[in-house]
Amino acid sequence: MTLRFIRPETVREAMEVLHEHKDNSKIVAGATDVMVQRRSEKPVEEKPLLLVDITGISELSYVNFQNGIVRIGAMITHRDIARSAVIHDVAPFFADACLSVGSPQIRTRGTIGGNIVNASPAADSLPPLTALSARLRLISRRGSRDVALCDFFKGPYKTIIEPDEILKEVYFRAPEPSSRCAFLKLGRRESLAIARLSVAALIDVDDSGKISKAAIAPGACLPMPARIAPAEEALVGKIPDEEVVNSASQEVGEEMVRVSGVRWSTEYKKPVACALTKRAIWKALGVDVD
Amino acid sequence: MKKAEPKHKRLISFTVNGDDIEVEISASDRLIDVLRNKLRLTGTKEGCGIGECGACTVLMDGAPVNSCLVPAFQAEGSVIETVEGLDASGKLHPLQEAFVEHTAIQCGYCTPGMLMSALALLREHPEPTREEITRAISGNLCRCTGYHQIIAAIEDASAKMKTTE
Ligand SMILES: Cc1cc2nc3c(=O)[nH]c(=O)nc-3n(C[C@H](O)[C@H](O)[C@H](O)COP(=O)(O)OP(=O)(O)OC[C@H]3O[C@@H](n4cnc5c(N)ncnc54)[C@H](O)[C@@H]3O)c2cc1C
Ligand code: FES
Ligand code: FES
């Protein structure tokens, strides 16, 4: 038997274990990704592996809001976020995104840390966190480092995290109280990947009715989370009308094709990405369109 | 505090349907394996084994989880409830009665999981809206009934539980 487990109770203890076993250990949080991945692995010639279960570490479960910064411990679940008064208050589109994850059962166990570190292009927390310009704090026995969320990813399912590092928290500055946001998602979980698409929009309008700030981050159609600068530029400084919103939405479709190339699914995905972006922008602006 | 050591087998203790249980588990065991094979609580069913169908739903510290996705070692110290706990008093739970009355059971494979999701819902929202019901059972697939009977049964159970309070 080569599979072992350990349940550290403190971050300090977990860092020691990971340091000592960095060549053959794997962090387990809510296990919703890990258990599915382990099932598809071949059981034969299984390498020795130490599962480092961090669900017993209570110091990683917190949502703090201080000095304008929201800090979310890695062990906070999708269920916690969907029910957090702070998140509903400062970034309701983030709560919506977590509420759209899988099923009640998956949201009970699945954590924000696992969603980020698993680095699926379709991870639902990532578009709102990208729009919020979130940052991550990684810790290990060697010390701690902070990285911007968008610099954390190297590609689909690939990140810069080192084997001895723990994601401690994700944090972001609360948007201006005047700003508005929306998260829209298409497609059922685990249905054909082409049907999965989401858009997060965070928009601020100044007193004159002009858009002063815009962050547009699509999900599941790019290899890594990213904001779409051309779409944001098409909005900022303008009074939102149909033409402005349409041209910004068009940019999201264009960017998707630029980054991912033309694939057999592009014909379907591009107009859908444009339409979903359009709806997300209008929804953020307080207009429901169908 | 003593330092944790890597283990491949270990005795863990937790509560199942109100009983304190101690059981030896290995690193690769899932909660569903422990419930069905070690504790002989075979009411909990395995369908897909990958979190998609909800047949294996049990409550862990009051919230619904897929027991096929929970490593057994994570159950340490937790409170688990399975379908066997529903009629522990010897009488069917109002949810179970309503499922029977509304023919919300055909092959019955989804039923234990469905009941546990419904139980979690009714504890938190004794008078759920139809939308809350739909959302609460969205992680439970039923290939037979078409869900209408299940939703009606949950609505009915909610009404009955209110009048018997
Ligand atoms: C049926 C089903 C439906 C799903 N639907 C959705 C969906 O709609 N949207 C969505 O976004 N996701 C979905 N998921 C994926 C999954 O539930 C989420 O990604 C979840 O947030 C993962 O969190 P976890 O705690 O379960 O991670 P785990 O499985 O415990 O871990 C995932 C990865 O992250 C690493 N890790 C976890 N925590 C840390 C940490 N603090 N520091 C360093 N590394 C860490 C682990 O080593 C592992 O590599 C679904 C999964 C299933 C099985
Ligand atoms: S058996 Fe667990 S969700 Fe299908
Ligand atoms: S009754 Fe057969 S799956 Fe639901």
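Both backbone and side-chain heavy atoms feed into the values below; hydrogens, waters and symmetry mates do not. Chain identifiers are assigned alphabetically (A, B, ...) following the order of the sequence lines, protein sequences preceding nucleic acid strands; residue numbering begins at 1 within each chain.
Counting only distance, with no hydrogens or angles, the side chain of A:Tyr157 and the backbone of A:Val117 share no donor-acceptor pair below 3.5 Å. With B:Asp33 contributing its side chain and B:Arg30 its backbone, the two residues share a donor-acceptor pair below 3.5 Å. At least one donor-acceptor pair closer than 3.5 Å links the side chain of A:Ser25 to the backbone N or O of A:His21.
Ion pair B:Lys38/B:Asp29 flagged as a salt bridge, since at least one NZ, NE, NH1 or NH2 atom sits closer than 4.0 Å to an Asp/Glu carboxylate oxygen.
Listed here is the closest heavy atom pair of B:Leu11 and B:Glu24: CD2-N, 3.7 Å. The nearest pair of heavy atoms linking A:Ser120 to A:Leu126 is O-CD1, 3.9 Å. Of all the heavy atoms in A:Thr10 and A:Glu59, the pair that sits closest is CA-OE2, 3.2 Å.
Neither the backbone nor the side chain of A:Ala14 comes within contact range of chain B; no heavy atoms are under 4.5 Å apart. Within the 4.5 angstrom heavy-atom criterion, no atom of B:Ala120 approaches chain A. When heavy atoms are compared at a cutoff of 4.5 Å, A:Thr55 approaches chain B solely by way of its side chain, counted from C-beta outward. Neither the backbone nor the side chain of B:Cys56 comes within contact range of chain A; no heavy atoms are under 4.5 Å apart.
In this structure A:Arg7 satisfies the salt bridge (Lys or Arg N to Asp or Glu O under 4.0 Å) test together with A:Asp53, sequence neighbours excluded.
Near-neighbour residues of residues 70-108 of chain B relative to chain A, defined by a heavy atom under 4.5 Å from a heavy atom of that chain, comprise B:Val70, B:Pro71, B:Phe73, B:Gln74, B:Glu76.
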